[in-house]
Amino acid sequence: MTTKYEFSQIDKKWQDIWDEKEAFKAVDFSPKPKYYTLVEFPYPSGEGLHIGHPRPYTAMDIVSRKKRMQGYNVLFPMGWDAFGLPTENYAIKTHTAPQIVTERNIAHFKKQIKSLGLSFDWSREVNTTDPDYYRWTQWIFLQLYKRGLAYKTTMPVNWCTSCKCVLANEEVVAGVCERCGGEVVRKVKSQWMLMITAYAQRLIDDLADLDFIPRVKIQEINWIGRSEGAEIDFSADTGDKITVYTTRPDTIFGATYMVMSPEHELIEKWKNEGLLKNADEISEYQAQAARKSDFERTELDADKEKTGVRLDGVTGINPGNGADIPIFISDYVLSTYGTGAIMAVPAHDDRDWAFAKKFGLPIVEVVAGGNIEEAAYTDVEDGLMVNSGFLTGKNVADAKLAITEFLEEHGVGRAKVNYKLRDWVFSRQRYWGEPIPMIYCEKCGWVSVPESELPVKLPELEHYAPTEDGESPLSQLDWVNTTCPQCGGKAKRETDTMPNWAGSSWYFLRYCDPKNSDALADKEKLDYWMPVDWYNGGMEHVTLHLLYSRFWAKFLYDEGILSCIEPYLKRTAHGMILGANGEKMSKSRGNVINPDDIVGQYGADTLRLYEMFIGDFEKSAPWNPDGVKGCKRFLDRTAGMSAMIKGRGASSRKIESGLHKVIKKVTEDIDQMKFNTAVAAMMSLQNDIYEQGHLTKDEFETFITILNPFAPHLTEQLWEECGNQSILSISPWPEYDEEKAADESVTYAVQVNGKLRGTISVPAETSKEDALAAAKADEKVAGYLEGKTLVKEIFVPGRMISFVVK
RNA sequence: GCGGGAGUGGCGGAAUUGGUAGACGCGCACGUUUGAGGGGCGUGUGGAUACAUCCAUACGGGUUCGAUUCCCGUCUCCCGCACCA
């Protein structure tokens, strides 16, 4: 009999039995209610599993196991997000094909993940680098192209000088490449783009009904960055129209100058027409701005001064008051937002104020309430319009409406909503990604690869390194030469590949029907399984993967492929596991914990339990080697309980009531991600059982049943040793019985004038009157009541009694 | 700067329609078992103390019979975004 958690003898045994019996297989169209739990599939890096991986995996495994035991048909799948730069860089360095490296990494990851006893349905495993998988990634791209949502354009892009590759906005973090930390510069290139901006409003609106944790919703909304304002057409004395975007049209009478981004197209026009007297100075400034990386350009440095050059020879006209105003170019105006030009209102915008101060431009107050000598007054709640013609006297909100109406009437402006979200740069000049299934024909332009010819397979290569000029290594191959599907003439293939976010944008759909060769998944299976009921992942993916995949799902809904408008009903996020010193784990800090070592030394259940007990699941927590030992001790003591079994039924009122309370607590805590307090409750009950010294077989079996999702290996073993033939992991979850949970007696805290003066213990069903009488009779309490006038009695059933005396 | 979150023992952390602050674990101390160590089992463990009490949840106020919880103000830390007009 097992009296300790002998992990080396039981972990593998039960993993094999679960495999053999297909205990965790998700059944298509089962009459049971379905439940789809999802964790972010990992990128199988060469470093192997990180100690952070098991935290979300175990958490969602616990949710899945509990749901299964509660009678749900659970889909809990796993796969590999295997395209990506680290693999390719490793391949370049070691001259090994990325295909081989990937295969090896996946095998290693899978072995590690399997050692944790997670209840994945491995029969649904997917791999984004499998041609049978990426065939459908390419297919979705073609559908986007067909609808005009994929397009190729030449534009300035973020270019990682180290990866020699284009990055999406979302991949540039603090001015450097989020993957390698390399310097990012601007480079003009022809790129495939996905029009995610077409879905900006829906991506905001549809969050409303979803059960996402608030910080995820807020971060997505902020990233999309909706703002309401107006476009206003200013004119120039050249006869040209300069449209600006502003959120403060109410301040138009305070617009004392204009600023255009250095890239604004009118500047070239005016240069060509010879209108600019200081054309050389302007060109020099433009060249300077172009050299700066986006990071330098947007860096907010306390010492950083605004720069700019006045367009000498051109004057703007304020359509509000008809005033002539100067026009500048400055790099504080971005070409990629709004119209690339602004009306500057220095009295009421911090940036315009700083610029005006530096260049000695007039600052005209149009909203009263601030001190514009000191700083711009940007408050929109208080303050009335002044110096503003027909707007004078109105408040800001009314003035906005009035001026917008005025502009619309006169045809020089209109209400306008803008978003910070940009279209998704979808091309990568690298080898290890899905080829973009497009062909360029001199005669026909860009032509789709016919769907019947998908997948466009990645050809095998000798050299994987990108070329110095920033082209994909695929461009060096004869593979690029093909024929135009439309006219049959000579044509060339697109050599860029997709970003690694492509395959992960729809993988949760493939799990519903992973082997389908006629469609990305069968419609009926999608309708059965989708949407995902609970998706847990990292905060770092909120503005990347989460947003991208919501976009693709919405598109597929529009195409009639999906029946749900949102892919995930519930989204939660786990905290990081830090090193023992409280810092982020990293090789350079020397504080890395390897999950294999923990599993080898303490067993899978110990690692699982500790990762759940370590702290609040949503927050980061430092690793504590002694904390792991505490969890092993609890598991050993759980096994030790089997030697304390006597009889059946209930051993005592106390344990029976405690057990039912813990059933309730564990059941609820799992649903609320409060795994740490669920474990604490079981530990506490175990202490009570040890104190009593014995328990019944029924109690023991119930105890190991609720512990099973956390520590499946040990509890299966103990269940078997109790003489059960069944698999515990798929046995019914215990029912909570309120009557049995009820206590025999209740302890009341007794306060006098708000201070705790005693406690009394009375039978649970004691009436208010009897309880109050008992409280007054308490020796200590009586001492405080004596000689005083009782003003008030407060009775909170089951909790406390409070007397107010004078 | 904007947005979000958090400040509780030596440490990780519990406790919310306001109701016994510090559950549970670690660490530490003592006892016990053992040839010793380790391990197990048990007891104790916020601070001060005149041992009746008093103080204590970042800081300062407020509401209340009662505040970690609600309100006002201040400070600190973490995360995200960042010249988005």
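Letters A, B, ... are given to chains in the order of the sequence lines, protein chains preceding strands, and every chain is numbered from 1.
- Contact annotation: A:Ser802 side-chain N/O to B:G19 OP1/OP2 distance is not under 4.0 Å.
- In this model, the phosphate group of B:C2 is not approached by any side-chain N or O of A:Asn222 to a distance below 4.0 Å at OP1 or OP2.
- The CD-C1' distance, from A:Gln219 to B:G80, rounds to 5 Å in whole Å.
- For the P atom pair drawn from B:G7 and B:U16, the interatomic distance equals 13 Å after rounding to whole Å.
- Side-chain proximity of A:Tyr332 to the nucleotides B:C83, B:A15, B:C65 is greatest for B:C83.
- The six-membered or imidazole ring of A:Phe355 lies near that of A:Tyr257, with a centre-to-centre distance under 6.0 Å.
- In this structure, of B:C65, B:G27, B:U20, it is B:U20 that holds the atom nearest to the side chain of A:Ala749.
- Counting any heavy atom pair closer than 4.0 Å across all strands shown, A:Ile794 reaches a base atom.
- Side-chain atoms of A:Tyr690 lie closest to B:G42 of the nucleotides B:G42, B:G4, B:C65.
- Between B:C41 and A:Arg637, a contact under 4.0 Å exists linking OP1 or OP2 to a side-chain N or O.
- With distances taken from any side-chain atom of A:Pro622 to the nucleotides B:A85, B:G12, B:G40, the minimum falls on B:G12.
- Residue A:Tyr784 is in sugar-phosphate contact alone, with no base atom involved, counting any heavy-atom pair closer than 4.0 Å across all strands shown.
- Taking 3.5 Å as the limit, the base of B:G19 and the side chain of A:Gln751 contain a donor-acceptor pair of atoms between them.
- Of the candidates B:U20, B:G13, B:A14, B:A14 carries the atom nearest the A:Thr677 side chain, counting heavy atoms from C-beta on.
- At a threshold of 4.5 Å between non-hydrogen side-chain atoms, the residues A:Met682 and A:Phe710 count as touching.
- Between the NE2 atom of A:His264 and the C1' atom of B:A85 there is a distance of 14 Å, given to the nearest Å.
- Taking 4.0 Å as the cut-off between side-chain N and carboxylate O, A:Lys674 and A:Glu618 do not count as a salt-bridged pair.
- A distance of about 11 Å separates the C1' atoms of B:C28 and B:C11, rounded to the whole Å.
- Inspection of the A:Tyr332 and A:Thr307 side chains reveals no N or O donor paired with an N or O acceptor under 3.5 Å.
- Pair check for B:U17 finds none; no Watson-Crick or G-U wobble contact set falls under 3.5 Å.
- At whole-Å resolution of the value, NZ in A:Lys792 and C1' in B:G19 are 13 Å apart.
- The side chain of A:Met683 lies closest to B:C24 when the candidates are B:A85, B:C24, B:G19.
- For the P atoms, the distance from B:A36 to B:A50 is 40 Å, rounded to whole Å.
- B:U34 is unpaired under the criterion used here, namely a Watson-Crick or G-U wobble arrangement in which both key atom distances are under 3.5 Å.
- Considering only the side chain of A:Val333, B:A85 comes nearest among B:G19, B:G27, B:A85.
- Annotation: B:U69 and B:A21 have their C1' atoms spaced 11 Å apart (nearest Å).
- Distances shorter than 4.0 Å separate none of the side-chain N or O atoms of A:Arg757 from OP1 or OP2 on B:U53.
- Of the inter-residue distances, the one linking A:Met641 atom CE with A:His694 atom NE2 reads 12.5 Å to the nearest 0.5 angstrom.
- Here A:Arg55 does not pair with A:Glu611 in a salt bridge; the nearest charged N to carboxylate O distance is not below 4.0 Å.
- In this structure, B:G9 shows a glycosidic angle within 90 degrees of zero, which is the syn conformation.
- A:Asn418 comes within contact range of no nucleotide atom at all, as no heavy-atom separation falls under 4.0 Å.
- Residue contacts for A:Asn676: at a heavy-atom cut-off of 4.0 Å it reaches the sugar-phosphate backbone alone, with no base atom in range.
- In this structure, the ring of A:Tyr602 has its center no less than 6.0 angstrom from the ring center of A:Tyr5.
- Across B:G42 and B:U34, the matching C1' atoms stand 16 Å from one another, rounded to whole Å.
- Rounded to an integer number of Å, the gap from CD of A:Glu691 to C1' of B:U43 is 12 Å.
- The base-pairing partner of B:C59, taking Watson-Crick or G-U wobble contacts with both distances under 3.5 Å, is B:G73.
- Residue A:Tyr337 places at least one side-chain N or O under 4.0 Å from the OP1 or OP2 atom of B:A85.
- A:Ser620 comes within 4.0 angstrom of the backbone, heavy atoms only, and of no base.
- Among the protein residues, A:Lys665 comes within range of no part of the nucleic acid, since none of its heavy atoms lies under 4.0 Å from any strand.
- In this model, a side-chain donor or acceptor of A:Lys306 finds a partner on the base of B:C83 within 3.5 Å.
- A:Lys755 comes within 4.0 angstrom of sugar-phosphate atoms only, judged by non-hydrogen atoms across all strands, and of no base.
- Shown here, B:A23 forms no base pair; nothing in the strands shown gives a Watson-Crick or G-U wobble contact with both key distances under 3.5 Å.
- Taking every side-chain heavy atom of A:Thr747 into account, B:U20 is the closest of B:G12, B:U53, B:U20.
- Looking at heavy-atom distances under 4.0 Å, A:Thr759 makes contact with a base.
- As judged by a 4.0 angstrom heavy-atom cut-off over every strand, A:Asn687 is placed among residues touching the sugar-phosphate backbone only.
- The residue A:Lys217 sits apart from the nucleic acid: no heavy atom pair falls under 4.0 Å.
- Ion pair A:Arg226/A:Glu228 flagged as a salt bridge, since at least one NZ, NE, NH1 or NH2 atom sits closer than 4.0 Å to an Asp/Glu carboxylate oxygen.
- Between the C1' atoms of B:G22 and B:G46, the separation comes to 8 Å (whole Å).
- Here the P atom of nucleotide B:G80 and the NE2 atom of A:His541 are 14 Å apart, to the nearest Å.
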A:Glu40 and A:His541: CA distance, side-chain angles, deciding distance, side-chain hydrogen bond (donor to acceptor under 3.5 Å, both in side chains) verdict: CA-CA 10 Å; A:Glu40 290 175 336; A:His541 290 134; 3.0 Å; yes

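- Within 4.0 Å (heavy atoms only), A:Ile218 reaches sugar-phosphate atoms of the nucleic acid but no base atom.
- Across all strands shown, B:G44 forms a Watson-Crick or G-U wobble pair with B:C28, both key distances being under 3.5 Å.
- Between B:C24 and B:U74, the distance separating the two P atoms is 39 Å to the nearest Å.
- By the 4.5 Å heavy-atom criterion applied to side chains, A:Ile196 and A:Tyr548 are counted as neighbours.
- Residue A:Gly630 is classed as a sugar-phosphate contact, given heavy-atom separations below 4.0 Å to backbone atoms only.
- A:Lys584 has no side-chain polar atom (N or O) that falls below the 4.0 Å cut-off from OP1 or OP2 of B:C79.
- Nearest to the side chain of A:Arg215, among B:A85, B:G4, B:A15, sits B:G4.
- Spacing of C1' atoms, B:A67 relative to B:U17, comes out at 15 Å, to the nearest Å.
- For the pair A:Leu685 CG and B:A14 P, the computed distance is 21 Å after rounding to whole Å.
- When both distances must be under 3.5 Å, the Watson-Crick or G-U wobble mate of B:C81 is B:G1.
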